[in-house]
There are 2 protein chains.
Amino acid sequence: MIRVVLAEDQGMVRGALASLLNLEPDIEVVGEAADGAEAAEVVARARPDIVLLDIEMPGTDGLAAAATITRRTPGCRVMILTTFGRPGYLRTAMEAGAVAFLVKDSPARELAAAIRRVHAGERVIDPGLAAAALSAGPNPLSGRERDVLSAAADGSTIGDIAERLHLSEGTVRNYLSSAIQKTHARNRIEAVQRARTQGWV
Amino acid sequence: MIRVVLAEDQGMVRGALASLLNLEPDIEVVGEAADGAEAAEVVARARPDIVLLDIEMPGTDGLAAAATITRRTPGCRVMILTTFGRPGYLRTAMEAGAVAFLVKDSPARELAAAIRRVHAGERVIDPGLAAAALSAGPNPLSGRERDVLSAAADGSTIGDIAERLHLSEGTVRNYLSSAIQKTHARNRIEAVQRARTQGWV
DNA sequence: GGCCGCGTCTGACAAATGTCACGGTCGAAC
DNA sequence: GTTCGACCGTGACATTTGTCAGACGCGGCC
């Protein structure tokens, strides 16, 4: 019996995935969580063979949870199941010790198959996605550039961002400018978009 | 037996929901679709009691599909199942003839319950969401303001938008300005955000 | 020790953005 | 028939944004 914990914030999707997996004779869902912090707790308690983590969750996200779990509960293999197959996500997931990376676009039957392969010791990663992640290269944005860019994402002005990050306005402008350059964008909005689709923020 | 068609673009979620519903003894999934156009076709062919539509789908979205289906296949009741409980979405869905509006955040068991209530002739709408939709009022943006705002969402400059919409730059600026006013925003980025969270674009 | 990248800041400049006032057309509503 | 709102445009203006050059301190690396 393969024991699985499921972490996914949308209740309906979580329940549906659980019923899908429980149909399989050799798979058993032994715990569920609605965010990353809860996932780490449940895994530490239930000691499953595999944890299936969504990335987009409130509070600590799936990538942070993956790092915590591989550190604190090394016996449990981490699989990522996400809506967005972004190169940066894949890279971060691998660095956090995940052994599989699935996107929700794939057919439902692939999920159980992937779980079995992971349980057998394999890694499961979409080849196209892996190629994209490698060809895209690592995240070119420095830490501060990421901060400023994500602070700008919600429509804040330079002044707002400066205040929130305790920086001068000129500094914020410079970081924003260099982030715009590095993303090959023409303005902050495009920069935010590009960074998002690459999984850099 | 309640015959249901399922429209949802993410294969894994679609499959999982299907298995969830097929567990119910009185519910049967008789068709699936991955986008709005396909949903309308499948419904016209399978003649189900109920169609469950996701909103965020490529091509024609769930709201457009809802309108098509209520017009072309009036015997089929339309239920909306979406990630985002935005007031404007609910309003549009109701105007398109939907009889239920569920968010994926809710627990999984509510789905089958809602389907049964709809089949019995009831409407199913989250009371809090209904209140929010009513208190938010109708979409204040004019057609052109919506066009310009959604064209601006991807980081295009005024010049880009003007060219794409065959308008002069001044006109684009004016529409953008009035959209900013109506959304009580301070710049186009905030305006796009506000409009999105309200479901106005 | 020297070099380099990162983070911090300043000042100045050009370009883009947001606002305002104004003038027009057209169709629907009163 | 007039009024009103949506639509399209112009020109001028203040503000914000993006760029550039330069300056400083810090920590890691050869």
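By convention in this document, chain letters (A, B, ...) are assigned in the order of the sequence lines, proteins followed by strands, and residues within each chain are numbered from 1. All values reported here derive from a predicted model rather than from experimental measurement.
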Step by step, would you call B/Lys104 with A/Asp9 a salt bridge (Lys or Arg N to Asp or Glu O under 4.0 Å)? CA-CA 9 Å; B/Lys104 291 181 185 170; A/Asp9 60 328; over 6 Å; no

Give the C-alpha distance, both sets of side-chain angles, the deciding distance and a yes or no for salt bridge (Lys or Arg N to Asp or Glu O under 4.0 Å) between B/Arg14 and B/Glu8. CA-CA 6 Å; B/Arg14 189 173 65 244; B/Glu8 157 72 53; over 6 Å; no

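With a 4.5 Å cut-off on side-chain heavy atoms, B/Ile50 and B/Val5 do not count as touching. Put simply, the side chain of A/Ile27 does not reach to within 4.5 Å of the side chain of A/Asn22, judged on heavy atoms.
Between A/Gly159 and B/Leu167, the residue anchored nearer the 5' end of DNA chain D, judged by the nucleotide with its closest heavy atom, is B/Leu167.
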Heavy-atom protein contacts under 4.0 Å, nucleotides 19-30 of chain C, coded B base, S sugar-phosphate only, - none: BBB---------

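Following rounding to the nearest Å, A/Ile161 (CD1) and C/dT8 (P) show an atom-to-atom distance of 14 Å. Atom NZ in A/Lys182 sits roughly 17 Å away from atom P in D/dG18 (whole-Å rounding). A/Leu165 places its CG atom 8 Å from the P atom of C/dT8, with the value rounded to the nearest Å. Taking atom CD of residue B/Glu190 and atom C1' of nucleotide D/dT16, one finds them 14 Å apart after rounding to whole Å. Rounded to whole Å, atom P of C/dA15 lies 14 Å from atom CD of B/Glu169. Distance, B/His166 NE2 to D/dC7 P: 17 Å, rounded to whole Å.
Using a 3.5 Å distance cut-off with no hydrogens or angles, the side chains of B/Glu145 and B/Ser178 do pair a donor with an acceptor. Side chains of A/Ser156 and A/Arg164: a donor-acceptor N/O pair is present below 3.5 angstrom, by distance only. Side-chain atoms of A/Glu56 and A/Thr82 include a donor-acceptor pair closer than 3.5 Å.
In the displayed structure, B/Glu163 atom CD is contacted under 6.0 Å by at most 12 heavy atoms of other residues, nucleotides or ligands.
Taking every heavy atom of both residues into account, B/Ala195 and B/Leu149 meet most closely at CB-CD2, 3.7 Å. Of all non-hydrogen atoms in B/Val172 and B/Ala162, the two that sit nearest each other are CG2-CA, 3.7 Å.
Remark: B/Tyr175 is in phosphate contact with D/dC8, judged by side-chain N or O atoms under 4.0 Å from OP1 or OP2. Contact check, B/Ser168 against D/dC8: no side-chain N or O comes under 4.0 Å of OP1 or OP2.
Looking only at distances, no side-chain donor or acceptor of B/Glu122 sits under 3.5 Å from a matching main-chain atom of B/Val118.
Note that the two end axes of the helix from C/dG1-D/dC30 to C/dC30-D/dG1 enclose an angle of 30°, each drawn from 5 base pairs, rounded to 10 degrees.
Near DNA chain C, meaning a heavy atom under 4.0 Å away, the residues from residues 141-152 of chain A are A/Ser142, A/Gly143, A/Arg144.
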